[in-house]
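The shown structure was predicted, so the numbers you read here are calculated from the model rather than taken from an experiment. Note that ligands are numbered from 1 as they come in the structure, with each ligand's atoms numbered from 1 the same way.
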Amino acid sequence: MSSIIGTNLQTAAEFLKAGKLVGIPTETVYGLAANALDENAVMQIFKAKNRPVFDPLIVHISSTKEVEKYAMEIPDVAFALMEKFWPGPLTILLKKKSIIPDLVTSGLDTVAIRVPNHPLTLELLNAIDFPLAAPSANPFGYISPTTAQHVADQLSDKISYILDGGACKVGIESTIVGFEDGVLVVYRLGGTTIDQLKNLVGEVRVEVNSASDPRAPGMMISHYAPSIPLYLGTISQLLKEHGNKQVAILCFTGNEIPETENVIYKLSPIGNMDEAARNLFSALRELDHSNVNAILAEKFPNEGMGNAINDRLLRASVRA
Ligand code: TXA
Ligand code: MG
């Protein structure tokens, strides 16, 4: 069987021009991309993911120079953020221009925009004359994909091509920010840390848990969920509560885990949180295919990328 995974930019560009769906690599996770200006193409994204249309999509552009084609009334601080963090894992909510179809933004008057930091996808964006709407390339509510194979495993019958850019280097989705009364608000924790944002803008408000807030309709409390129940806490405590079951342990360094018969996945034996973030979603997928009744996940230190990792683990622990 011929694979739909490949590295041919021309093929990817042709499918996108024809209104088809293509899996694209980014530094965060793989995206499920379509022409953001073509409503019919965008509708295919929602269908393929089984995603409700009230959950808006991120628009990917090739450089800051493009941003004023799609957004207006852009505050100076937004330009400062673009200058500092693009290309990179930061998505900015800006007042939308009418060229962006309402379907992309679920009828909101803001559009989420970012420049992804991946050479292949930047080259692809330069080869086409439209921006790409792309959510993470996973069925709605499941774990995000960090390799081309992850995308193929679940969506190969629904998309035309997957551009293989290797394993994602950040491994967790972009941080999403917007502005309220001149204050920078973080709606989703991700690959750009709160400290990095504070260093640039000073005051930052974090509002990541308002599941019912229409500004971030995708911030549902149950998300990134494996099919095997996941429990979050300290491993010794979790083992006391669930040790009678067949369990897998998902931990940071693994240094303090007692000798055990259980499957153990160490996200970063050397204690590097960036490495842990990079491995997180692959690990969750792998453990989700293992023969256990529960996944016991270690809560990370609440600093740097640890905040975003804990956010994903918390959402993975909530049953839909
Ligand atoms: O790293 C990423 O951001 C990846 C890669 C592919 O770029 N994309 C991604 O997309 O994570 P997705 O669709 O899985 O998550 C996008 C989130 C959703 O929770 C959605 O609700 C929110 O962004 N969003 C999009 N547009 C919005 C808007 N105008 N206002 C508020 N939230 C918005
Ligand atoms: Mg997603």
Looking at [X], which atoms of ligand 1 are within less than 4.0 Å of one of its heavy atoms?
X    : answer
D55  : 18 (C), 19 (O), 20 (C), 21 (O)
H60  : 5 (C), 6 (C), 7 (O)
I176 : 17 (C), 22 (C), 23 (O)
T110 : 28 (C), 29 (N), 30 (N)
L108 : 28 (C), 29 (N), 30 (N)
I58  : 3 (O), 8 (N), 9 (C), 10 (O), 16 (C)
T28  : 1 (O), 2 (C), 4 (C), 5 (C)
E173 : 1 (O), 2 (C), 11 (O)

What do you reckon, does [X] have a nitrogen or oxygen under 3.5 Å from a nitrogen or oxygen of ligand 1?
X    : result
Y30  : no
T105 : no
K49  : no

- Query: For the residue pair D38 and N40, what are the closest heavy atoms and their distance?
  - Reply: OD1-N, 3.0 Å

- Heavy-atom contacts under 4.0 Å between I24 and ligand 1: side chain, backbone, both, or neither? neither

- Counting heavy atoms only, which part of R51 comes closer than 4.0 Å to ligand 1: side chain, backbone, both or neither? side chain

- Item | Residues E275, R278: salt bridge by 4.0 Å N-O rule | no

- Side-chain donor-acceptor pair under 3.5 Å between Y161 and N8, yes or no? no

- R285-Q149 side chain donor-acceptor pair, cut-off 3.5 Å: no

- Item | Evaluation steps, side chain to side chain donor-acceptor pair (under 3.5 Å), between D164 and T7 | CA-CA 5 Å; D164 190 352; T7 55; over 6 Å; no

- K17 atom NZ: more than 12 heavy-atom contacts under 6.0 Å: yes

- Query: Is it true that atom CG of N291 has more than 12 heavy atoms of other residues, nucleotides or ligands lying nearer than 6.0 Å?
  - Reply: no

- Go through N138 and L32 one step at a time and tell me if the side-chain contact (heavy atoms from CB on, under 4.5 Å) criterion holds. CA-CA 8 Å; N138 49 281; L32 179 58; over 6 Å; no

- Query: Any N/O/S of S136 under 2.8 Å from the Mg ion (ligand 2)?
  - Reply: yes

- Query: Is the shortest distance from a heavy atom of K96 to ligand 1 less than 4.0 Å?
  - Reply: no

- Dump the intermediate steps for side-chain contact (heavy atoms from CB on, under 4.5 Å) on L122 and V115, then the final yes or no. CA-CA 8 Å; L122 287 173; V115 178; 3.8 Å; yes

- Item | Member of R312, R315, R188, R114 meeting the salt bridge (Lys or Arg N to Asp or Glu O under 4.0 Å) criterion with E173 | R312

- Which residue from G88, S174, A112, P145 reaches closest to atom 26 (N) of ligand 1 through any of its heavy atoms? A112

